[in-house]
Asker: 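Input: one structure, supplied below.
Atom set for the values below is all heavy atoms of this structure, side chains included, hydrogens, waters and symmetry mates excluded. Throughout, protein chains are lettered first and strands after them, A, B, ... in sequence-line order, and every chain is numbered starting at 1.
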Protein chains: 2
Amino acid sequence: MLRPTSFDVAERAGVSQSTVSRALRGSPGVNAETRARVSAAARELGYVVDRHASSLRLKSSETIALVTICRPGEDRSAINPFYFALLGSIAAATSARGFNLLVSFQESHDNFRADFVASGLADAMIVIGTTSNRAAWQFFADAQASGLDFTCWGSPGDPFHWMRSDNEVGGRLAAEHLVARGRRRIAFVGPQQSPQRQFDERREGFAAALGARGIAPIIVEPPAAPDRHAQGLAAAAQLLAEHPDVDAIFAASDMLALGVLQGLKDARRRVPTDIALIGFDGIRAGTLVDPALSTIEPDLDAAGEALVAMALEDTGHSRSGTRIPVRLSLRGTA
Amino acid sequence: MLRPTSFDVAERAGVSQSTVSRALRGSPGVNAETRARVSAAARELGYVVDRHASSLRLKSSETIALVTICRPGEDRSAINPFYFALLGSIAAATSARGFNLLVSFQESHDNFRADFVASGLADAMIVIGTTSNRAAWQFFADAQASGLDFTCWGSPGDPFHWMRSDNEVGGRLAAEHLVARGRRRIAFVGPQQSPQRQFDERREGFAAALGARGIAPIIVEPPAAPDRHAQGLAAAAQLLAEHPDVDAIFAASDMLALGVLQGLKDARRRVPTDIALIGFDGIRAGTLVDPALSTIEPDLDAAGEALVAMALEDTGHSRSGTRIPVRLSLRGTA
DNA sequence: CTGAAAGCGCTTACAG
DNA sequence: CTGAAAGCGCTTACAG
């Protein structure tokens, strides 16, 4: 028999179908012996509750939908590994609740889609991914304006319920460390024109802490390039040309930092001897380069847990604005 | 009104509920004017078909379940990026069919789970992930022995329907390139005791091509270590100690190769001048190191597409054994 | 503590 | 071409 139903289990256990349902759901007030008999029958038949029937009845699917926004035309291996790691930690938090995780990578109007909750497929939606895809964030902003509710990672702007790293603290930690190591000609490399606030927050925390020590950072807007790594590479070249005496760099993300690192090597600058470097994100690839990248590392487990908790909260997203703690992870470059 | 139903749409459009269903599903034999009226009413109400009701009726969920096996205790950012990239390409292939993707990361008996199809949540299941978690592969082998059907990436052994890279060709391409560049003291670094055949295939293709040119490779079993990168690091040290005159290395995976590269640098060997290096997988991190890692790169788009097609086939997995094409991607190390 | 029955929101065979 | 009705497999209020 393919796919036995609760009626089959009932027949085998010699009880009614309603009793099977109650016994298997762990409802109170089912005789222990009856429950055991039902469980045995279910096991023998290989019975598994039909989730569609169950969800239809309960009006809840115990599923989270996770949308990851990509750059148009980008292949999957080029997606910033930070988002994959975040996806993994969201999956862990989802699974810890006994929920399922539906994932969707979206990049253009061809595949923008936000109806996971409307169709009943998911109880809540989380949106993460590149800040650089404006069409995508616009699509979700419009969806939210039409009454759709969801939670984002990052700072896509005002209409969203968001959750993000403690970016200012991260900037301050980087600044304090560089100054304590005697660096004085210090640069910040990061997008100034991003529609999202994350990079601004990192720069502001960094600049404020430097300012308190009487230092004004050199600010470098990365030149246009197809991805953050290429931007970092170009930014390093530009920075060295304009400020050859720079002795420390804080990059707004690890992918930028890895590009900067390559740019410094190409220019024969020694890292960290000549120039110290700190990134932001804590991606694994930072440990694979030489010297290994020092970075501000958000607590990803906490991020996944907080995103899922916030998405599932129906009380007006009271936790919107919660900050994920960060720490300075010192490896080779600073 | 929260979540309008097809009855609400019917009332607004002045037709019966069955007509709404037919119109929205694109059934033939619905008057064009009626269809337009129904579509308009649905749009106005923000109606979306309930997927649970629909799936229950149709006995099909248009969803693929993807299980990614992890190392126990490993955090999400440590998962081999190859599997994240494969996940992304599977998501693309799934989405191209209009299917949903349910993902589950599993690492131990605490969260092993294979009932996605049995519960109706998914129409098919794909299993990918680390070859090193024997308990996990044993769990899925047992599940398959009990009649569960699914498709795997890699070569977990006989009971599975699998799909994998053209590993022998990859080994041959690496060998031919190294010999053509004049290398003669050539090593293979890779696990010999893996329960999976992938690494063996890469070694066999490599050794056969070298053999045809009268060269016998040095075979290095990586020492035990917590992950492939650490294994590669240790393997490089061991290889240099035992065969200081080695002039080329083919590593069975990119993460191993990145460890080897670091080990060579630590030993002050110049890459590729003194020693050439080729990895396998084409992960993004290989482009971030200096020099960038040359590698055998499987066609991930083809892999995702083939895995989904195979999982969805119900005709006895006739495509089992299909090989994903690979190409030699020459970057800096060889 | 257990059973008969209603109903979740669809899809489609059947009748017209 | 359209409508009334059955039924997918559950959960639970209601009755006993």
Side-chain angles (χ1 to χ4, degrees), chain A residues 1-39 41-42 45-63 100 115-123, chain B residues 1-39 41-42 45-63 100 115-123:
Chain A
M1 167 189 354
L2 283 187
R3 291 275 261 126
T5 72
S6 53
F7 285 90
D8 300 315
V9 177
E11 188 177 351
R12 183 170 189 109
V15 297
S16 74
Q17 182 271 338
S18 17
T19 297
V20 169
S21 179
R22 277 189 287 252
L24 262 23
R25 298 205 86 217
S27 302
V30 174
N31 182 289
E33 195 267 333
T34 306
R35 192 187 298 276
R37 203 141 36 84
V38 169
S39 298
L45 291 175
Y47 170 75
V48 179
V49 173
D50 184 296
R51 288 299 296 264
H52 295 302
S54 173
S55 295
L56 176 60
R57 202 42 247 254
L58 294 170
K59 290 174 164 296
S60 145
S61 57
E62 307 224 305
T63 297
N100 298 303
D115 63 356
F116 301 101
V117 174
S119 67
L121 266 180
D123 298 332
Chain B
M1 165 189 356
L2 284 186
R3 292 274 262 126
T5 71
S6 52
F7 285 92
D8 300 315
V9 177
E11 188 177 352
R12 184 172 189 107
V15 296
S16 74
Q17 182 271 337
S18 15
T19 296
V20 170
S21 179
R22 276 188 288 252
L24 263 24
R25 297 206 88 217
S27 301
V30 174
N31 183 290
E33 195 268 329
T34 307
R35 193 188 297 276
R37 201 142 35 85
V38 169
S39 298
L45 292 174
Y47 170 75
V48 179
V49 173
D50 185 295
R51 290 298 297 263
H52 295 302
S54 173
S55 294
L56 176 59
R57 200 45 246 253
L58 294 170
K59 288 174 164 297
S60 145
S61 56
E62 308 222 306
T63 297
N100 297 303
D115 62 357
F116 300 100
V117 174
S119 66
L121 267 179
D123 298 332

Asker: Taking atom P of dA6(C) as reference, at what distance in whole Å does atom CG of L58(A) sit?
Answerer: 20 Å
Asker: Out of curiosity, R57(B) CZ to S21(B) OG, how far, rounded to the nearest 0.5 Å?
Answerer: 9.5 Å
Asker: In whole Å, what is the span from the NE2 atom of H52(B) to the P atom of dG7(C)?
Answerer: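 For the pair H52(B) NE2 and dG7(C) P, the rounded distance is 21 Å.
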Asker: To the closest 0.5 Å, what do you measure between CG (N100(B)) and OG (S55(B))?
Answerer: 8.5 Å
Asker: From C-beta outward on V15(B), which listed nucleotide comes closest to its side chain: dC10(D), dG3(D), dA4(C)?
Answerer: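 Minimum distance to the V15(B) side chain belongs to dG3(D).
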Asker: Applying a 4.0 Å non-hydrogen cut-off, can you work out what S27(B) is touching in the nucleic acid: base, sugar-phosphate, or nothing?
Answerer: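 Contact class for S27(B): none.
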Asker: In whole Å, I'd like the distance from the CZ atom of R57(A) to the P atom of dG7(C).
Answerer: 9 Å
Asker: Give, for atom CG of L121(A) and atom OG1 of T63(A), the distance between the pair rounded to the nearest 0.5 Å.
Answerer: 7.5 Å
Asker: Below 4.0 angstrom from OP1 or OP2 of dC1(C), is there any side-chain N or O of R22(A)?
Answerer: no
Asker: Rounded to the nearest 0.5 Å, how far apart are CZ of R51(A) and OG of S61(B)?
Answerer: 12.0 Å
Asker: Under 4.0 Å, counting only non-hydrogen atoms across every strand here, what does S54(A) touch: a base, just sugar-phosphate, or nothing?
Answerer: sugar-phosphate
Asker: Nearest whole Å is fine: how far is dA6(C) P from L56(A) CG?
Answerer: 17 Å
Asker: For dC1(D), give the paired nucleotide (Watson-Crick: N1-N3 plus N6-O4 or O6-N4; G-U: N1-O2 and O6-N3; both under 3.5 Å), or none.
Answerer: dG16(C)
Asker: Which nucleotide in the set dG3(C), dT11(C), dG9(D) lies at the smallest distance from any side-chain heavy atom of T19(A)?
Answerer: dG3(C)
Asker: Determine whether any donor atom in the side chain of R51(B) lies under 3.5 Å from an acceptor atom in the base of dG9(C), or the reverse, and answer yes or no.
Answerer: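 Answer no: no donor N or O sits under 3.5 Å from an acceptor.
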Asker: On the nucleotide dA4(D), are OP1 or OP2 found under 4.0 Å from the side-chain N or O atoms that S18(B) carries?
Answerer: no
Asker: Starting at CG of L24(B) and ending at P of dG9(C), how long is that distance when rounded to a whole Å?
Answerer: 16 Å
Asker: Remember a base hit wins even if backbone is also touched, and classify S55(A) as base, sugar-phosphate or nothing at under 4.0 Å, heavy atoms.
Answerer: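 No contact at all - S55(A) keeps every heavy atom at 4.0 Å or more from the nucleic acid.
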Asker: Using the side-chain heavy atoms of A53(B), tell me which of these nucleotides is nearest: dC1(C), dG9(C), dA4(C).
Answerer: dG9(C)
Asker: Give a yes/no answer on whether the side chain of R25(A) brings an N or O atom under 4.0 Å of OP1 or OP2 in dT12(D).
Answerer: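 R25(A) to dT12(D) OP1/OP2: side-chain N or O found under 4.0 Å.
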Asker: For Q17(A) and dG9(D), give me the distance from atom CD to atom C1', rounded to whole Å.
Answerer: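 Rounding to the nearest Å, CD of Q17(A) and C1' of dG9(D) are 8 Å apart.
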Asker: Taking only the side-chain heavy atoms of N31(A) (C-beta and beyond), determine which of dT2(D), dA5(C), dT2(C) contains the nearest atom.
Answerer: dT2(C)
Asker: Taking all non-hydrogen atoms of both residues, which atom of V38(A) and which atom of V20(A) are closest, and how far apart?
Answerer: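 In terms of heavy atoms, the two residues are closest at CG1-CA, 4.0 Å.
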Asker: Looking only at the side chain of S21(B) (C-beta and beyond, no hydrogens), which of the listed nucleotides dC8(D), dA13(D), dT11(C) gets closest?
Answerer: dT11(C)
Asker: Does CD in E11(B) sit with more than 12 non-hydrogen atoms of other residues, nucleotides or ligands closer than 6.0 Å?
Answerer: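 No.
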Asker: So, does K59(B) get its side chain near the phosphate of dG9(D), meaning an N or O under 4.0 Å from OP1 or OP2?
Answerer: yes
Asker: In whole Å, measure the gap between the C1' atoms of dG16(C) and dT12(C) for me.
Answerer: 16 Å
Asker: Just the rounded figure in Å: distance from P of dA4(D) to CZ of F7(B).
Answerer: 10 Å
Asker: State which of dC1(D), dC10(D), dC10(C) makes the closest approach to the side chain of S6(A).
Answerer: dC10(D)
Asker: I need the CG-P distance between D50(B) and dT11(C), as an integer number of Å.
Answerer: 9 Å
